[in-house]
Protein chains: 2
Amino acid sequence: MTAPLVTILDDEPAIRTMLADALEDAGFRTLSFGRAREFEAALQTHTPDVCLVDLSLPDTDGLTVVHRLALEQGASVIIISGRAQVQDRVTGLELGADDYIIKPFDPAEVVARVRARLRSNKPVTQSRRTAKFNGWTAQFDAYTLIDDAGETTPFSHAEGEVLRLFLDSPKRLISRTQMQESLGGVANESFDRAMDVRISRLRTKLREDPKNPQLIKTIYGAGYIFLGEVSWS
Amino acid sequence: MTAPLVTILDDEPAIRTMLADALEDAGFRTLSFGRAREFEAALQTHTPDVCLVDLSLPDTDGLTVVHRLALEQGASVIIISGRAQVQDRVTGLELGADDYIIKPFDPAEVVARVRARLRSNKPVTQSRRTAKFNGWTAQFDAYTLIDDAGETTPFSHAEGEVLRLFLDSPKRLISRTQMQESLGGVANESFDRAMDVRISRLRTKLREDPKNPQLIKTIYGAGYIFLGEVSWS
DNA sequence: TGACCTTGTTACAATTCGTTATATTTTAGA
DNA sequence: TCTAAAATATAACGAATTGTAACAAGGTCA
């Protein structure tokens, strides 16, 4: 059994070596990158168990990297950032990060938090581009739904956001506030209607019976729940 | 209902209510405890998805609680502590905690971190989602009652709250004040009527004979008692 | 430019569930 | 046992929540 692989994405060489040393002392394999571009290229050939990502990068916004990682790779992501505001942490976590460490940090704590991520035995680096559920296949790359007969229906970006939210937490109540935050909506009352409309459109594409939806159920006053046996691939 | 259950273990009432309010606003169910003893007793009947644990407790060392939780329950554990030393954090995490938040904290960040734990989808004991009793099956995921002939009846969120309360404590008197607290009702007089109505509607769905209810019995002046052989799965 | 697509907004329909009103049951006390 | 008051049950109503059709604003692409 090989040691778990931890990637480090940070533009400061000093931090990279500090982290790499600490992690390797703890028995992990590491790969370090200074630019998002290099890092994403490496993902083609490596499947890390945990990814450490600094938010301030020369070539890209770190949050974009985090979002894509969490969305498409399903890898454990730990943000390392100098931005200490609560709001920064909340948005980082909402975007899919599993943890958020503030600079300056102690390498020992980073190691402990990496171990915590590994313990939580999240299904390792499982791609999140295609999901199957109840006779349907959702291809997020192609923005396409395929039914069991092979017939395809395109879905839009907005619909895909909702669908992914549901597929990420099947059989769990998703409150409207949670949905609002995940969809980046402002706490505007009329956004409530927008959410309804997105869901209504998604339901139509999933051919739900409006009187008796089988997949997306409304819980009056509480939120929505997606009932479906989901498997990602 | 199927909202994830978050437990709060902290000796300061102010912190308990602050956390409970924020989490309930976010759509979670919560249970709060001031002492480890009460908390561990509750684990006999509840299976939380995430446990928030303060380390400074009157009756036990919080770390012991954390350790036992992580080992035996497999639930996600988030430590909340005033001890800010790196060494404290490292030992907390090494003992099995999934996250470590330092006081004072912002409730929004706690909510975000709770969500992060849920996303990582530890194969949480997905128990207490279906209960069988006297020929009925209650599926809390799907908000559906199924009779022995396989016929389904949907129940609402409000009805489900009452039903879960009964199924959690069968054959035990449940006082109206107790019910009121569990249902998050204000100590408003008219909420008494609302409770009656919820129960009345639930009785209808369970096809109770109004003159002679078999499952939900009214104890005049005291409360209700649910008679039924309940088994959860 | 113009046809087409996406998505939020508006307006109104449908549903839920607490509230009110009224009926029924239970208990205390004569 | 009988009666009145208190407690509970339920029918009916309405405010709040959610669903969706229709429209409008903006974007894209030939």
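Letters A, B, ... are given to chains in the order of the sequence lines, protein chains preceding strands, and every chain is numbered from 1.
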Legend entry - Interatomic distance where CE belongs to Met195(B) and C1' belongs to dC17(C) [whole Å]: 15 Å

Legend entry - Flag for Thr47(B)-Arg129(B): side-chain donor and acceptor within less than 3.5 Å: no

Legend entry - Residue of the set Arg198(A), Arg164(A), Lys205(A) for which side chain to side chain donor-acceptor pair (under 3.5 Å) holds with Glu159(A): Lys205(A)

Inset, instruction - Would you please confirm or rule out a distance under 4.0 Å between OP1 or OP2 of dA9(D) and any side-chain N or O of Ser200(B)? - result: no

Legend entry - Protein-nucleotide distance (Asp192(B), atom CG; dA6(D), atom C1'), rounded to Å: 12 Å

Legend entry - Out of dA11(D), dT7(C), dC17(C), whichever nucleotide has its closest atom nearest the side chain of Tyr220(A): dC17(C)

Legend entry - Side-chain N or O of Arg176(A) closer than 4.0 Å to phosphate OP1/OP2 of dT18(D): yes

Inset, instruction - Could you tell me whether the phosphate oxygens of dG18(C), OP1 or OP2, come under 4.0 Å of any side-chain nitrogen or oxygen in Arg193(B)? - result: no

Legend entry - Phosphate OP1/OP2 of dT24(C) contacted by Lys211(B) side-chain N/O (<4.0 Å): no

Inset, instruction - Check whether any side-chain N or O of Thr218(B) sits under 4.0 Å from OP1 or OP2 of dA9(D), and answer yes or no. - result: yes

Inset, instruction - Using a heavy-atom cut-off of under 4.0 Å over every strand shown, decide if Arg201(A) touches base, sugar-phosphate, or nothing. - result: base

Inset, instruction - Send over the distance from Ile199(A) CD1 to dT17(D) C1', rounded to a whole Å. - result: 13 Å

Inset, instruction - Consider the side chain of Asp196(B), meaning its heavy atoms from C-beta on, and name the nucleotide among dT20(D), dT8(D), dT16(C) that approaches it most closely. - result: dT8(D)

Legend entry - side-chain contact (heavy atoms from CB on, under 4.5 Å), paired with Leu19(B), selected from Val111(B), Val6(B), Ile80(B): Ile80(B)

Legend entry - Rounded interatomic separation in angstrom, taking NZ from Lys217(A) and P from dT18(D): 16 Å

Inset, instruction - Using atom CZ of Phe155(A) as one end and atom P of dT7(C) as the other, report the distance to the nearest whole Å. - result: 11 Å

Legend entry - Value in whole Å for how far the P atom of dT18(D) lies from OH of Tyr143(B): 12 Å

Inset, instruction - Answer yes or no: does a side-chain N or O of Tyr224(A) lie under 4.0 Å from OP1 or OP2 of dG19(D)? - result: yes

Inset, instruction - Let me know the distance between CG of Asp209(B) and P of dT10(D), rounded to the nearest Å. - result: 10 Å

Inset, instruction - For Arg198(A) and dT20(D), give me the distance from atom CZ to atom P, rounded to whole Å. - result: 16 Å

Inset, instruction - Before giving the answer on ring pair (Phe, Tyr, Trp, His ring centres under 6.0 Å), spell out for Phe155(A) and Phe140(A) the whole-Å C-alpha distance, their side-chain angles and the decisive distance to 0.1 Å. - result: CA-CA 9 Å; Phe155(A) 58 83; Phe140(A) 283 92; 5.8 Å; yes

Inset, instruction - Check whether the side chains of Tyr224(A) and Arg176(A) place a donor and an acceptor atom closer than 3.5 Å, and report yes or no. - result: yes

